[in-house]
Amino acid sequence: MTEAARAAAADPAGLHIDSSVPLDVNGVPHGQPVLDRLIALLDLERIEENIFRGVSPAESPVRVFGGQVAGQALVAAGRTVPEDRPVHSLHAYFIRPGDPSVPIVYEVDRTRDGRSFTTRRVVAVQHGKPIFSLSASFQLVEDGIDHAESMPDVPAPESLPSYGEQIGELLAEMGGTPYQPRPIDVRYVTDPPWVRKNDSEREARSQVWMRADGTLPDDKLLHVCMAAFASDLTLLDSVLVRHGVYWMLDKVSGASLDHAMWFHRPFRADEWLLYDCASPSASGARGLATGRFFSQDGQLVATVVQEGLLRVLD
């Protein structure tokens, strides 16, 4: 374990960011020390056979980030499943806003242990009430028919500016730099939504390259949980961009309502993944978004679907 990892394990909520942590062009912490803290957040405390406890980062906004609770819940489920059965799907509902100031308790129901499939249900609880529920299915690895859609033709991630470089003008317009450490390296392929606000034609699509900003341990469950965390970062961009609005520039309030993922092939979350997102519909103050994760060699590794509550005020 590295010194940074030891520090992260001792302080998973990130209450004490060391001055040696690297800063991006906006002065925001990133890199391996920040990633180590996310790894520590996903390394839940087991307090009973089927009960786990997790915490939130000190820099959390007013409610717990949806990707965090999804990733932690999947960790809790996976800790009760044999290692030879990787997760192949999850379906989740966000029930109440999470309180980042108190721990989250994850209660696992061992729904079924079959010959090929294992099913788990997880309920995340705070203040005695459920805030999130997740069902996940794990499968013994099998051979079978194999096909997949092709990856879109996009520029290589190394040729694109970093998130810090891309968002620089927006932060200047907003009059400050938000102090939110970034464990995920995100690079927009399509113009970011804040740039496309004034376009005359706006396709409901968002494409980014992303990867964990550092090196992850060789733990297959951790890589999947890291992808679950990252999948909630930019998915609803594809809904908002179609209507020329964005979180920090317009009166937009929103929250994830439900989230589903299917994992098709093995991957590493610390290697570049193309996240190709599109929105087929928005109505009733809800927006639907779909996402496809491709590895850099063109393999379709995961599919995501989410519906979000999106209220735009005049």
Side-chain angles (χ1 to χ4, degrees), residues 60-74 89-100 104 121-127 129-137 149 152 170 174 186 188-208 210 227-263 275-293 302-314:
S60 291
V62 294
R63 62 182 176 220
V64 176
F65 171 56
Q68 174 199 318
V69 70
Q72 288 180 330
L74 187 56
S89 69
L90 66 84
H91 301 261
Y93 282 93
F94 297 86
I95 301 169
R96 292 181 176 87
D99 180 355
I104 305 171
R121 182 173 183 270
V122 183
V123 177
V125 178
Q126 282 187 320
H127 305 295
K129 297 180 180 179
I131 65 168
F132 176 86
S133 68
L134 173 142
S135 293
S137 182
E149 293 181 328
L170 175 62
M174 296 296 294
V186 175
Y188 277 90
V189 176
T190 55
D191 283 337
W194 59 88
V195 173
R196 295 161 67 188
K197 274 176 59 65
N198 299 318
D199 289 354
S200 57
E201 296 184 7
R202 295 181 296 267
E203 183 184 8
R205 181 172 294 277
S206 172
Q207 293 176 327
V208 299
M210 55 171 56
F229 174 92
S231 68
D232 198 29
L233 288 172
T234 63
L235 186 54
L236 292 180
D237 281 3
S238 62
V239 182
L240 294 179
V241 71
R242 173 67 176 79
H243 299 275
V245 295
Y246 192 60
W247 305 108
M248 293 182 286
L249 296 177
D250 300 281
K251 294 180 179 179
V252 180
S253 64
S256 301
L257 294 174
D258 55 11
H259 196 92
M261 295 187 73
W262 293 264
F263 303 97
Y275 196 21
D276 178 35
C277 303
S279 174
S281 178
S283 63
R286 302 184 315 276
L288 184 68
T290 64
R292 301 179 300 166
F293 278 111
T303 299
V304 188
V305 178
Q306 181 183 102
E307 189 171 47
L309 175 68
L310 294 168
R311 294 191 176 113
V312 181
L313 305 177
D314 294 333

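Contact between P193 and Y188 at its shortest, heavy atoms only, is CD-CE2, 3.7 Å. Here the shortest heavy-atom pairing between A228 and M261 reads CA-SD, 3.7 Å. The minimum heavy-atom distance between A70 and F132, with the atom names listed, is CA-CZ, 3.7 Å. Closest of all the heavy-atom pairs between L235 and G291 is CD1-N, 4.0 Å. Across V123 and P130, no two heavy atoms sit closer than the pair CG1-CB, 3.7 Å. The minimum heavy-atom distance between I131 and G98, with the atom names listed, is CD1-CA, 3.9 Å.
Inter-residue side-chain proximity for Q68 and P100 is flagged as unmet; no heavy-atom pair is nearer than 4.5 Å. Residues E203 and T190 form no side-chain contact, since every pair of their non-hydrogen atoms from C-beta on lies 4.5 Å or further apart. Residues T303 and T290 fail the side-chain proximity criterion, which asks for heavy atoms closer than 4.5 Å. Counting heavy atoms from C-beta outward, L310 and H243 have side chains that stay 4.5 Å or more apart. Within the 4.5 Å cutoff, the side chain of P152 has heavy atoms near those of the D276 side chain.
Once rounded to the nearest 0.5 Å, the distance linking CG of L240 with OG1 of T234 reads 11.5 Å. In this structure, L90 CG and H259 NE2 are separated by 6.5 Å, a value rounded to the nearest 0.5 Å. To the nearest 0.5 angstrom, D191 atom CG is 11.5 Å from Q207 atom CD. Between S253 atom OG and W247 atom CH2 the span is 8.0 Å, to the nearest 0.5 Å.
When the side chain to side chain donor-acceptor pair (under 3.5 Å) test is applied to E149, the partners found at least two apart in sequence or on another chain are R292. Every salt bridge (charged side-chain N to carboxylate O under 4.0 Å, His left out) that R286 has, sequence neighbours left out, goes to E307.
Side chain of Y275 to backbone of S231: a donor-acceptor contact under 3.5 angstrom is found. Looking only at distances, no side-chain donor or acceptor of R96 sits under 3.5 Å from a matching main-chain atom of Q126. In this structure a side-chain-to-backbone donor-acceptor pair under 3.5 Å is missing from S256 to G308. A distance-only check finds a donor-acceptor pair linking the side chain of R202 to the backbone of V241 [under 3.5 Å].
Between F293 and F263, the distance from one ring center to the other does not fall under 6.0 angstrom.
Applying the salt bridge (charged side-chain N to carboxylate O under 4.0 Å, His left out) test to residues at least two apart or on different chains, the pairs with a partner in residues 232-261 are K197-D250.
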